[in-house]
Amino acid sequence: MLPQGLMDALLNAERIVALTGAGISAESGIPTFRGSGGLWEGYPVEKVATVEGFERDPELVWRFYDERRRNIAAAKPNDAHIVLAKMERLYDFWVITQNIDGLHQKAGSRNVVELHGNIWRVRCTECGRVGYNYEVPLKEIPPRCEKCGGLLRPDVVWFGEPVYDIDKAYSLAENCDVMLVIGTSAQVYPAAYLPRLAWSRNAKIVEINPQETPVSRYADFIMRKMATEAMNEIYQELLRASQEERE
Ligand code: NAD
Ligand code: ZN
């Protein structure tokens, strides 16, 4: 059973935005990192997800990312990613993600804003060149720029760095009818501000997360469920409603 009123909100919506976090990929076997005492797969976050950490020990950081890349290369999009991709056919539909795993695109979503970059992209710390590198495992650690030999870094956003495409994200949040907030602890800013912004512009906020988060305080609808279960329920109800409409 969906929360009361949720189906009406979805049926009346034109534009829907999904804000996703690490929780949506958990069921694909990609670990989230909060709640593990600031450790990400055994690595202290400040060592592997800050510029200072990278400058101090690029090799360690690349070994960490090499492991993440192996894990992600083996992962498949789950039903939650797939339902979001299908919803692009029903709505003016956008995904704003904090994930760097690329699973939304793998599932078929095309309108994806990647706030924190992408783990398959590399950027040269000398000449700024950005490219893709899909080697699993990496042939060389740390990898070097083909053009200038400079040290490459993962083109992902680390703590203290500005996120990508935030203007696009704000404008989507300000101009949507429903925002689905899926699998994010809503603690990393500015992403965590987006549901608040959408809410202040009268969008209906739907939280999908087995745990309470700061979004729970103002969400219009809450589904304390795993992302796949919740998204399957939503999609089945949407299909049923659209069938009834046709009959
Ligand atoms: P987070 O790790 O802080 O929080 C994950 C949230 O997902 C929690 O609130 C948890 O209750 C919820 N959750 C766990 N399993 C779930 C499930 N099956 N269905 C629904 N919800 C579930 O994640 P965050 O808020 O995205 O912040 C993490 C930061 O770390 C991001 O900036 C991101 O760039 C990075 N990160 C990315 C990945 C990835 O790309 N898959 C993985 C780990 C961390
Ligand atoms: Zn270079």
Side-chain angles (χ1 to χ4, degrees), residues 18-41 43 45 48-50 64-65 67-69 71-81 83-84 95-106 112-131 142-161 163-164 180-195 206-216 222-233:
L19 174 68
T20 67
I24 197 173
S25 294
E27 292 167 85
S28 291
I30 303 173
T32 62
F33 85 115
R34 239 146 262 275
S36 49
L39 289 184
W40 192 349
E41 293 293 282
Y43 290 82
V45 172
V48 295
T50 62
F64 169 78
Y65 278 95
E67 273 180 44
R68 306 277 72 69
R69 287 159 57 104
N71 175 223
I72 287 169
K76 289 195 191 71
N78 62 49
D79 280 0
H81 298 106
V83 165
L84 294 182
V95 174
I96 303 175
T97 189
Q98 299 166 83
N99 295 343
I100 56 177
D101 56 33
L103 288 185
H104 287 298
Q105 293 91 328
K106 240 189 189 177
V112 184
V113 177
E114 288 181 313
L115 293 175
H116 293 167
N118 188 298
I119 199 161
W120 302 110
R121 240 175 17 231
V122 290
R123 188 165 86 231
C124 179
T125 57
E126 297 291 330
C127 72
R129 190 164 181 266
V130 173
R144 300 252 157 210
C145 176
E146 283 169 23
K147 282 272 135 64
C148 77
L151 184 60
L152 293 175
R153 60 165 278 179
D155 194 21
V156 300
V157 174
W158 286 329
F159 289 97
E161 296 189 303
V163 305
Y164 290 112
L180 308 169
V181 184
I182 311 172
T184 174
S185 60
Q187 292 186 18
V188 180
Y189 280 83
Y193 179 61
L194 294 167
V206 187
E207 175 168 71
I208 297 172
N209 195 317
Q211 309 263 335
E212 199 175 320
T213 77
V215 174
S216 314
I222 294 179
M223 297 177 80
R224 290 266 168 261
K225 294 186 170 178
M226 305 290 250
T228 54
E229 190 189 348
M231 290 315 297
N232 276 329
E233 279 181 24

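First listed ligand is number 1; within each ligand, the first listed atom is number 1.
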Worksheet entry | Nearest heavy atoms of V181 and P195, plus distance in Å |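 Looking at all heavy atoms of both residues, the closest pair is CG2-CB, 4.0 Å.
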Worksheet entry | Minimum heavy-atom distance A192-Q187, with the two atoms named |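 Scanning both residues completely, I find the closest heavy atoms to be CB-N, 4.1 Å.
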I want to know if ligand 1 touches [X] in the polar sense, i.e. an N/O pair below 3.5 angstrom.
X	answer
A26	no
G183	yes
D101	yes

Indicate yes or no: at least one non-hydrogen side-chain atom of [X] is less than 4.5 angstrom from one of [Y].
X	Y	answer
L84	I24	yes
R69	P154	no
E114	H104	no

Out of [options], who gets a non-hydrogen atom closest to [atom]?
atom	options	value
atom 21 (N) of ligand 1	A230, A227, A75, P210	P210
atom 32 (O) of ligand 1	Q98, M223, H116	H116
atom 37 (C) of ligand 1	L19, N99, V45, T20	N99

Discussion item. Is it the case that the side chain of N209 and the backbone of S185 share a donor-acceptor pair, with hydrogens and angles ignored and the cut-off at 3.5 Å?
Written reply: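 Absent.
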Discussion item. For a quick check under 3.5 Å, do D155 and Y164 share a side-chain donor-acceptor pair by atom type?
Written reply: yes
Discussion item. With no hydrogens and no angle check, just 3.5 Å: does a side-chain donor-acceptor pair link N78 and T228?
Written reply: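 The answer is no; no qualifying pair exists.
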Worksheet item: Does A191 have a non-hydrogen atom less than 4.0 Å from ligand 1?
Response: no
Practice prompt. Assess Q187 for proximity to ligand 1: is some non-hydrogen atom of it under 4.0 Å away?
Written response: no
Practice prompt. Sort out for me which residue in L19, L180, T20 forms a side chain to side chain contact (heavy atoms under 4.5 Å, CB included) with V95.
Written response: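 Of all the options given, the one that passes is T20.
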Fill in: Plane angle bin for F64 and Y43 - parallel if under 30°, tilted between 30 and 60°, otherwise perpendicular
perpendicular
Worksheet, complete the sentence: Applying side-chain hydrogen bond (donor to acceptor under 3.5 Å, both in side chains) to W120 and not counting sequence neighbours gives none
Worksheet item: What do we get for T184 next to ligand 1 when only non-hydrogen atoms under 4.0 Å count, side chain, backbone, both or neither?
Response: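 Both of them.
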Practice prompt. Mind listing the protein N/O/S atoms less than 2.8 Å away from the Zn ion (ligand 2)? Waters don't count.
Written response: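 Protein N, O or S atoms closer than 2.8 Å to the Zn ion (ligand 2): C124 SG, C127 SG, C145 SG, C148 SG.
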Can you sort out which atoms of ligand 1 are near [X], meaning under 4.0 Å from one of its heavy atoms?
X	value
P31	42 (C), 43 (C)
I30	41 (N)
E27	17 (C), 18 (N), 19 (N)
G21	26 (O)
Q211	11 (O)

Worksheet item: Quick one: do R224 and E207 make a salt bridge, cutoff under 4.0 Å?
Response: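 Yes, R224 and E207 are salt-bridged.
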Fill in: Other residues, nucleotides, ligands: >12 heavy atoms within 6.0 Å of E161 CD
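Atom CD in E161 is packed in, count exceeds 12.
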